[in-house]
Colleague: 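The structure follows.
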Amino acid sequence: MLKGGYMGKILRVNLTEQTYKEEETAVELAKQYIGGAGFGVKYLFDEVPADTDPLGPANKLIFAPGPFSGTAVPCASRIAAVAKSPLTGAVGMALSGGHFPVELKFAGYDALIIEGKAEKPTYVSIKDGKVSFRSAEHLWGTRTSDCQQLIKDQLRDQNTRIVCIGPAGERLVKVACIINERRALGRKGLGAVMGSKNLKAVAVRGSQEVPVYDKEAFKKARSVMTGAMKESHALYPMFSHIGTPAVLDLTCEMGIFSTKNWAGTGQWAPVDKLGVEANNSRKIGREHCYNCPVGCSQIKLAREGSYAGILTEGPEFESIYSLGGTTGIDNLDAVIAADRLCDELGMDTMSAGVAIGFAMELYEKGILTKSDTGGLELHFGNDKAMQELLLDMAYRRGLGDILADGVKLAAEKIGKGSEKYAMHIKGLELPAYDIRGAKAHGLNYATSYTGADHNRGYAFQEIFGIPVPEAVDRFAYAGKGKLTKWNQDVRCVTCDCATMCAFILDMALPGIATQNTADLMQALTGLPFTPEEVQAVGERVNNLARVFNKLAGFSRADDTFPERIMTEPLKEGNSKGQLISKEDLNTMLDEYYAARGWTTEGVPTPEKLRSLGLEDALKKLEP
Amino acid sequence: MAMLKVTAKGVADLGKLMGGGRGEAALTLPPGSTVKDLLAVLIAKFGPALGQRLFMADGLELRKDLRLLLNGREITFLNGLATELKNGDHLSLIPPLAGG
């Protein structure tokens, strides 16, 4: 029996049968996978065959906070959602902060597994162990903020915490997300998985405390972490006051802020209009996740023109890139409005923005014409057209219906050579950083188990110059395979499994992250952990996800880049001349697979799987 | 030999110490000048507050919370402060920034 950090129960809800049951959180599961993404990937692997239709009733959606969530560990209110992704066909995993993650713990659960499909629109209410299935027919069609308010009113509890979908998820838009307050479990189309199950929302309320095994040791371990946060040059005062838009100023200067569907660079110079100063001019307040002293999230109000008066939490750096940079739109008020619109419709700002940038380039090149766009003049920079197209995507109208499934499928439907301009890896649209000027960051995009996902193995060494485990030259290739393994494994376990905000890893704990997690885990749960065992959990999750993806049909050939990355050097700025050729990618892949103990085809070897205790995965791989 | 024409840009708070606005400076230096020489010119131009932000109290060692990129590459991977400048070079002065 688990003694601390965990609530000891996992809730399994079956929408088809309208039943639920509680299962014990196994000690071995906690030791091998810790929680969060680890729990999610493990349950997905064990219970969802890799060839499952992502939008069929056999897919499962697993929500899992970590053992740190709801404790005194700062910045630990994070929850992973895991399912087979309808956008990529690979493991779909997304994380969010806010207050919902800890509320699920307070309600008594270490994870929530959702199975089956409700006959009619439904929402699930969970209150301290009581589960009820409620009609959501009156909620179907609502936008996310209205949906959440209506549920709070119906439950007569304004402090209920909710995850829900908007019109996009209802229509199985493959770039639909799950919204949690004004935050998002954003990527990989998990909102469509909820929609496919006729599940509009999950509402949670709890009053229980997360137990602590050894309070004195926990206090001591926590003080090391808070001490490192206080000493951080990056966290205070700068990050807490300006948030993620600072990275726009940084990446523009480095020449790796992608613009105009990756045809331009940071030297397009939107810094003055989209960077820190511009964002500060729209800022009216800050938001904190539960038990976060930093409060990086900025509340902004559009001030001018037809967008005046629209408020949003954000836009974060990635959304400024996708809705501003890649669309060539330098009107911050338009980006604020689009960010809010995506949240209300329940659509991933990143994939949606990249899809619009893609369509804009096709229009500029004459591959799409006015007859395809419903009369929209889809030039780069047309902010009004972006607002229209976002609505069309969510409601599956016209060109929006095609873009709603992401750029990979859209390019297949549009044809005419459009694949060349579809910026995705494994079907997931590219995040902001132009990886031609950051090679390990690029290798992570190519090999992340979720597709082009910056957060699965962020190369802070290259982007932020943090010399841990060692300083690296962002333009060099040698050593990037080994580094990427380290980045993926350490980030996976310390942030995605434990759980903890990744910004704390980057800005306060890079050199002590696995030690910090080991010490906190030991004190909190009583389970013995060394830093090496902690890191092995990250490796285990990455290997298990890799096997799932292999069984789902992915191979070395999918660990690649869009053609533009490999053939078009950056034309200007401080990364001028950089690209990653196919040959250089292959060199990095060979090194990465070797560091991982995988075959040259990128398949985990029997020896590697056995060393990680993944005999079950080996059996599925070699039946 | 011809004089070197180089540029420098400070990001975020470093930009404010370099005159605000875009935080950019265009400078002319003698041939053979190094990154350290460029910093000295910048400090002379923008004042001692910039010097205190760039160097430790001894005035010799760079502060830890500072990145210097020459044409986008960390000077650590060049020849550090002794890296010789070429005509058209661009130096980026970057504080600890992260997130995103």
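All chains are named by letter (A, B, ...) in the order of the sequence lines, taking the proteins before the strands, and each is independently numbered beginning at 1.
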Colleague: Is the closest side-chain heavy-atom distance between Asn574(A) and His90(B) below 4.5 Å?
Modeller: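 SC-SC contact between Asn574(A) and His90(B) confirmed.
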Colleague: Between Thr76(B) and chain A, which part of the residue has a heavy atom less than 4.5 Å away: side chain, backbone, both or neither?
Modeller: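 Looking at Thr76(B), nothing touches chain A.
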Colleague: Which one, Ala471(A), Ala476(A), Ser575(A), Pro467(A), leads in non-hydrogen pairs under 4.5 Å with chain B?
Modeller: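 The residue among Ala471(A), Ala476(A), Ser575(A), Pro467(A) with the greatest pair count is Ala471(A).
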Colleague: If I measure from the heavy atoms of chain B, does Tyr433(A) come under 4.5 Å with its side chain, its backbone, both, or neither?
Modeller: side chain
Colleague: For the NZ atom on Lys283(A), are there more than 12 heavy atoms of other groups (residues, nucleotides or ligands in this structure) within a distance under 6.0 Å?
Modeller: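 Yes, NZ of Lys283(A) has more than 12 neighbouring heavy atoms, counting only those of other groups under 6.0 Å.
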Colleague: Can a donor-acceptor pair be found, under 3.5 Å and without considering hydrogens, that links the side chain of Arg474(A) to the backbone of Gly72(B)?
Modeller: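 Present.
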Colleague: At a heavy-atom distance under 4.5 Å, which candidate from Ser232(A), Gly243(A), Ala234(A), Gly255(A) has the highest pair count against chain B?
Modeller: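 The candidate making the most pairs under 4.5 Å is Ala234(A).
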Colleague: Write down the atom of Gly465(A), the atom of Glu74(B), and the distance for their closest heavy-atom approach.
Modeller: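 The answer is CA-OE2, 3.7 Å.
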Colleague: Can you tell me which of Met507(A), Glu316(A), Met254(A) forms the most heavy-atom pairs within a distance under 4.5 Å of chain B?
Modeller: Met507(A)
Colleague: Nearest 0.5 Å, please: how far is CG in Leu97(B) from CD1 in Ile463(A)?
Modeller: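 Going from the CD1 atom of Ile463(A) to the CG atom of Leu97(B) covers 12.5 Å.
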Colleague: Per the ring pair (Phe, Tyr, Trp, His ring centres under 6.0 Å) rule, what does the pair list look like for residues 229-254 of chain A, sequence neighbours excluded?
Modeller: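 Only Phe239(A)-Phe503(A) qualify under ring pair (Phe, Tyr, Trp, His ring centres under 6.0 Å).
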Colleague: Can you tell me how far apart CZ (Phe475(A)) and CG (Asn71(B)) are? Round to the nearest 0.5 Å.
Modeller: 9.0 Å
Colleague: Salt-bridge test for Arg22(B) and Glu277(A): reply yes if a basic N is under 4.0 Å from a carboxylate O, no otherwise.
Modeller: no
Colleague: Considering only heavy atoms from C-beta outward, does the side chain of Arg67(B) approach that of Leu250(A) to under 4.5 Å?
Modeller: yes
Colleague: Apply side-chain contact (heavy atoms from CB on, under 4.5 Å) to the pair Arg73(B) and Asp473(A), showing each step before the final yes or no.
Modeller: CA-CA 7 Å; Arg73(B) 182 169 257 136; Asp473(A) 179 353; 2.8 Å; yes
